[in-house]
There are 2 protein chains.
Amino acid sequence: MNETLKLLHNHRSIRKFTREKLTKDEVRTIVEAGQRASTSSNVMAYSIIGVTDENIKKELRKVSGQPYVEKNGYLFVICADLSRIANLDSNGVQGNVKQNLESTEQFIVATVDGALVTQNMVIAAESLGFGACFLGSLRNDINRVDELLKLPAYVIPLFGLAVGHPNHEPDIKPRLPFEAVFHENTYDQAKHTHIEDYDRILSDYYQRRDSNLKDDNWSKQMLRKYNVPTRMDVAAYVQSKNMNRH
Amino acid sequence: MNETLKLLHNHRSIRKFTREKLTKDEVRTIVEAGQRASTSSNVMAYSIIGVTDENIKKELRKVSGQPYVEKNGYLFVICADLSRIANLDSNGVQGNVKQNLESTEQFIVATVDGALVTQNMVIAAESLGFGACFLGSLRNDINRVDELLKLPAYVIPLFGLAVGHPNHEPDIKPRLPFEAVFHENTYDQAKHTHIEDYDRILSDYYQRRDSNLKDDNWSKQMLRKYNVPTRMDVAAYVQSKNMNRH
């Protein structure tokens, strides 16, 4: 296995960091490596906000409920951003440009662009010895995040990314087996039977790992999770930013 | 610069491949490295379809209009997939589970999950000497792709990924400068002025690169592109699959 594959296989989300902050050079190195990711038609429909203001970090932590939103080496918030396109037309956003920017298609473009650049940032950070954790929890109150970061129209926060020197070494969590997620030529619903294998694997993992032992499996977790309505305000928020309207 | 950073910085989309096919082991290595990417709450809301059937590849090429959808070492189609969750409840999809699965929030979760796994696959493939190209062009006729791959409810194709041994060496395209995409603490619209720098950089690139010389820049390209209504059927398609409804 080459060094890069080893790095990918060694990934685990890091939620406890040392007090050491990233330098400006390190931040730039991570972002510039992120920017090399593919982007749809070279649109680069994302922006990255580095949050260094301790008050804003404290408020974002309140949104997420997670201490590592505040306590980390550096905090990024990655946004889907179509505002550069919106601002190109000096006549204002109208006609076909408006139609496109407000479409679900462009919402996919911007969401995917933001995710690709961030995954590259994670890999770049890990290659430099840092750990990282995605923070979808910022969508717990997406309007508040919008307000704190002063986002204009056509810009929405997708998630945060906490980066820093790891201060714990969590186990690597097993994933759904290859057989469960990989199909050949057409979608095969019989693949869902492999979830039973995964339930056993994950149950075993929870009963053997170093800390936070519990009796649980994937199916139970997912049913509990999806039985609670979550972030139902995201749709209206996104539309209020002129995105994903039709 | 470490090996992984070099790899990230050496990325360019590959659109011409040798005739050599990937082995089953290579496909599995790439997918399994992809699966190590972070995923929202361990949902793993994606599926990966490997397309080896030459007739299906031919039809997908017609959708995209791009020869490299057919001519490559291997073709993946990455799907956002919430159907595993939908199938967990033996009583059928109802109540809060239904509310969640149909939400824009879960559409974001599944789209991001699909993008993260794919970016890891790209990096894994490149670390093994392959080249790759994202194929958003499959959304040119997303209903046709759905039909060809026989996707059930709660599953939609996000994009394809062509992989293979590179048979050309395209230049590395300049990206928007760091200053244009990176903000500190709050969104700064003045950053948009850096687009002018990028227009000069990209114009220069187009006039100096090895092939396909042209007089163009980013602002002109984007205005042309966004002035044509594109993939306006994606929204209704996604909703027909019970996703992104509210």
Side-chain angles (χ1 to χ4, degrees), chain A residues 2-5 7-9 11 13 31-33 35-36 38 40 44 47-51 53 56 84-85 87-88 96-97 99-100 104-105 111-112 115-116 119-120 124 127 134 136 149-152 175-176 178 181-187 192 219 222-223 226-227 229 231 234-235 238 246, chain B residues 2-5 7-9 11 13 31-33 35-36 38 40 44 47-51 53 56 84-85 87-88 96-97 99-100 104-105 111-112 115-116 119-120 124 127 134 136 149-151 175-176 178 181-187 189 192 219 222-223 226-227 229 231 234-235 238 246:
Chain A
N2 65 49
E3 288 305 308
T4 300
L5 284 177
L7 190 83
L8 298 180
H9 276 276
H11 170 74
S13 292
V31 171
E32 287 185 340
Q35 291 187 265
R36 296 310 318 163
S38 287
S40 177
M44 298 173 276
S47 274
I48 298 161
I49 303 185
V51 184
D53 182 308
I56 299 178
R84 286 184 207 102
I85 309 296
N87 290 356
L88 277 181
N96 289 339
V97 174
Q99 278 288 103
N100 275 315
T104 292
E105 162 64 15
T111 302
V112 170
L116 299 183
Q119 186 56 19
N120 254 22
S127 81
F134 279 83
L149 305 180
K150 301 193 198 309
L151 304 183
R175 296 287 194 236
L176 278 168
F178 171 84
V181 302
F182 184 78
H183 308 251
E184 200 166 344
N185 290 314
T186 53
Y187 194 96
H192 289 187
S219 295
M222 293 298 127
L223 273 179
Y226 281 87
N227 262 307
R231 302 175 190 164
V234 166
V238 172
H246 51 77
Chain B
N2 66 49
E3 287 305 308
T4 300
L5 284 176
L7 189 82
L8 298 179
H9 277 275
H11 170 74
S13 292
V31 171
E32 288 185 339
Q35 290 187 265
R36 295 310 318 164
S38 286
S40 177
M44 298 173 275
S47 275
I48 299 161
I49 302 184
V51 184
D53 181 308
I56 299 178
R84 285 183 208 102
I85 309 294
N87 290 357
L88 277 181
N96 289 339
V97 175
Q99 278 288 103
N100 275 316
T104 292
E105 162 64 15
T111 303
V112 169
L116 299 183
Q119 185 57 19
N120 255 22
S127 81
F134 279 83
L149 305 180
K150 302 194 197 309
L151 304 182
R175 296 286 194 238
L176 278 167
F178 171 83
V181 301
F182 184 78
H183 308 251
E184 200 167 343
N185 290 315
T186 53
Y187 195 97
Q189 299 217 44
H192 288 187
S219 296
M222 292 299 127
L223 273 179
Y226 281 86
N227 262 306
R231 304 175 189 164
V234 166
V238 172
H246 51 77

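Each chain gets a letter, A, B and so on, in the order its sequence line appears, and its residues count up from 1.
- With respect to chain B, the highest number of heavy-atom pairs below 4.5 Å among A:Ser127, A:Ala115, A:Ala235 belongs to A:Ser127.
- For the pair A:Phe178 and B:Glu32, the tightest heavy-atom approach, listed with the atom from each and the gap, is CB-OE2, 3.7 Å.
- Across B:Gln35 and A:Leu176, no two heavy atoms sit closer than the pair NE2-O, 2.8 Å.
- Of the residues considered (A:Thr186, A:Asn100, A:Asn96), A:Asn100 shows the highest number of contacts with chain B, using heavy-atom pairs under 4.5 Å.
- In this structure, chain A has heavy atoms under 4.5 Å from both the backbone and the side chain of B:Asn227.
- For chain B, the nearby part of A:Ser13 is the side chain; its heavy atoms alone come within less than 4.5 Å.
- For B:Phe182, the parts sitting under 4.5 Å from any heavy atom of chain A are the backbone and the side chain alike.
- Listed by chain and number, the residues in a salt bridge (Lys or Arg N to Asp or Glu O under 4.0 Å) with B:Arg36 amount to none (sequence neighbours excluded).
- Counting heavy-atom pairs under 4.5 Å between each of B:Asn87, B:Val181, B:Ile56 and chain A puts B:Val181 at the top.
- Counting heavy-atom pairs under 4.5 Å between each of A:Arg84, A:Lys150, A:Glu184 and chain B puts A:Arg84 at the top.
- Ranked by heavy-atom pairs shorter than 4.5 Å toward chain B, the options A:Gly136, A:Ala124, A:Ser40 are led by A:Ala124.
- Both the backbone and the side chain of B:His11 come within contact range of chain A, with heavy atoms under 4.5 Å apart.
- For the set B:Leu151, B:Val51, B:Thr104, the entry with the most heavy-atom pairs within less than 4.5 Å of chain A is B:Thr104.
- If you tally non-hydrogen atom pairs under 4.5 Å between each of B:His246, B:His9, B:Gln99 and chain A, the highest count goes to B:His9.
- The residue among A:Ile85, A:Leu7, A:Asp53 with the most heavy atom pairs within less than 4.5 Å of chain B is A:Ile85.
- The line from CD of A:Gln119 to CD of B:Gln119 is 7.0 Å long, rounded to the nearest 0.5 Å.
- Between chain B and the residues A:Val112, A:Val234, A:Ile48, the most heavy-atom pairs under 4.5 angstrom are made by A:Ile48.
- For the pair A:Phe134 and B:Leu116, the minimum side-chain heavy-atom distance is below 4.5 Å.
- The candidate from B:Leu223, B:Val97, B:Val31 with the greatest count of non-hydrogen atom pairs under 4.5 Å with chain A is B:Val97.
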